[in-house]
Amino acid sequence: MNNLDLVVKEKKQVKETGLGDLPGTHKNIVMRFAPNPSGPLHIGHARAAIPNNEFVKKYKGKLILRIEDTDPKRIYEPAYDMILKDLKWLDINPDEIFYQSDRFEIYYEYAKKLIEINGAYMCTCDGGDFKKLKDESKECPCRNNSVDKNLEMWEEFSSMNEGEAVLRVKTDINHKNPAIRDWVAMRIVKDKHPRLGEKYKIYPMMNFSVAIDDHLMALTHVLRGKDHLANSEKQKYLYDHFKWNVPEFIHYGRLKMEDIALSTSKALEGIENGTYSGWDDPRLGTLRAIAKRGIQKETITELITEIGIKMSDSAISWKKIYGLNRNILEEKSNRYFFVPKPVKIAIKGYDDGLKIIERPLHSDYLERGNRHLKFDKEVYISEYDFTNGITRLMDAVNIDIEENSVKYNSKSFEEARDLKARIIQWVPSEDNIKTKIIMDDASVVEGLCEADCKNLKVGDIVQFERFGFARLDEIKDEELVFYFAHK
RNA sequence: GCUCCGGUGGUGUAGUCCGGCCAAUCAUUUUGGCCUUUCGAGCCGAAGACUCGGGUUCGAAUCCCGGCCGGAGCACCA
């Protein structure tokens, strides 16, 4: 059925929300997220994982998680578990999980097949020599070895040393992009692999294992960064040799995150030398760091979905993330008082005695109830607010700060308004809790929060009035530790 | 250097394939007002963009050519 009218309508009138449509087939979609286990997931991974997941949901397809651990030099063992946890945080639940390190025999099988159909050859050239020839579109001497000779060498491959030989895929030696010409499929690696030990010596290159797996796992769409553009081109030669259908390759642009230029290896270095407190240090761009600060997974999903899968690069600011996150937190988070850098003040002239002040947990949702603060002559306010002028202590009284003396002024809000008093938060002098807030630059703000915060649980996100949103991370004996999210 | 890919307000996007409905969407941001016992939210308003130059055309963000700018790749990493 070819409904042109509908197509036109859709194009012109329906505003695309989300990721739009996938090219090619929309039936039995299979997509994958294929990280290298070199560390926990960061925003860049989310940029790959989320669209895959969203498309699979949209078309009711299948999502595969494939751990690409074919380079023992680049494996950080804890990452195997971290990746699973991070995906779970994103609420991405793959239908199947594969480890490439389980699949070496498969790669060998296809490597041998490829040799048999004369699609690959064993190459003993020195890397530099090969490059020189390749750059001039010249075949290396090994390229014309017979299939039998190649098979023979293939059998001996595993007893060779690193660098002695590689298996190369035949592409087009005259390809205008030198990068595409006769790429390496297999090489010798003698490192110990965390999951395989020293069982195998012959390791597949990413381009080989990826293409074989994408085919065997029946991928319909391969979504990856545009840094893989040349790799897609390379892999097409493999598909051609085997006469396989090529999946839809989709490439997305780079994501530049303001402030976090940190690579996984740099982050690891910083963790090991103590610069960072761990993989969830608030300065890092890992998902666990973001989560610890109270950034919601929905925020990340929304952000990545909005960026979409276009080829041009995107630069994302924290402001953008905070704006999206605030939309979610605003409703969720109850309000409390927190006083940074507290100073105790005594209000001269106040002698009404102890009062219990009630204030809603959330002024838009009064049904959530109230919190209670004991108010009397002495309270804590922030040093930042301890400046001259008429000041209202929220829901309590109006005071007049003059140099170092604090005088009672009046009681009602109306009077405060007439006096154009600023309105500040405060904390009772007796009933309060020591509080520490880890800021986004890892600095620490110490202060006091109101006693009702004792009802909070780890993971709760609150809004400290006039301070910002923060997530309760730890409850110590005498102290609460929060991570600051944003204003 | 070679190969490839991009370029819409400060930022992120829609529109580009199939030119007219685009004096360009939505979000974020900044900002004025109202409201509010924080901030934010809400409501009403404002600011701000088609990289440049040619060409094709009655008509160009959209097609063509060139420049400029930006990015990626050029591994026995993924």
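For the numbers below, each heavy atom of this structure counts, side chains included, while hydrogens, waters and symmetry mates do not. Every chain is numbered from 1 and lettered A, B, ... according to where its sequence line falls, protein lines coming before strand lines.
- Picking from B:C39, B:C74, B:G12 the nucleotide with the shortest atom distance to the side chain of A:Ala179 gives B:C74.
- Side chains of A:Glu415 and A:Ser412: a donor-acceptor N/O pair is present below 3.5 angstrom, by distance only.
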Pairwise N/O distances under 3.5 Å, protein to nucleotides 1-6 of chain B:
unit_1	atom_1	unit_2	atom_2	d
B:U3	O2'	A:Asn177	ND2	3.0
B:C4	OP1	A:Lys176	NZ	3.0

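- Put simply, the side chain of A:Gln463 and the base of B:C39 share a donor and an acceptor less than 3.5 Å apart.
- Per the geometry, CZ belonging to A:Arg32 stands 13 Å off P belonging to B:A78, to the nearest Å.
- Taking the six-membered ring where the residue is Trp, A:Phe104 and A:Tyr108 present perpendicular rings, their angle passing 60° and hence far from 30°.
- With no hydrogens or angles considered, no side-chain donor-acceptor pair links A:Asp172 and A:His175 at under 3.5 Å.
- Within the structure, a side-chain polar atom (N or O) of A:Arg254 is placed less than 4.0 Å from OP1 or OP2 of B:A72.
- To the nearest whole angstrom, the two C1' atoms, one in B:A75 and one in B:C65, are 37 Å apart.
- Open room surrounds NZ on A:Lys192; 12 or fewer heavy atoms of other groups in view lie less than 6.0 Å from it.
- In this structure, of B:G12, B:G40, B:C74, it is B:G12 that holds the atom nearest to the side chain of A:Ile307.
- Residue contacts shown for A:Asn207 are absent, as no nucleic acid heavy atom lies under 4.0 Å away.
- Residue A:Lys310 is classed as a sugar-phosphate contact, given heavy-atom separations below 4.0 Å to backbone atoms only.
- A:Leu366 places its CG atom 15 Å from the P atom of B:U36, with the value rounded to the nearest Å.
- Applying the 4.0 Å criterion to OP1 and OP2 of B:U36, one finds that A:Ser363 has every side-chain N and O outside that range.
- Of all nucleotides listed (B:C76, B:U37, B:A75), B:C76 comes nearest to the side chain of A:Arg168.
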Check: Does the pair A:Arg32 and A:Asp213 meet the rule for a salt bridge (charged side-chain N to carboxylate O under 4.0 Å, His left out), with working shown?
Finding: CA-CA 10 Å; A:Arg32 44 68 162 184; A:Asp213 280 347; over 6 Å; no

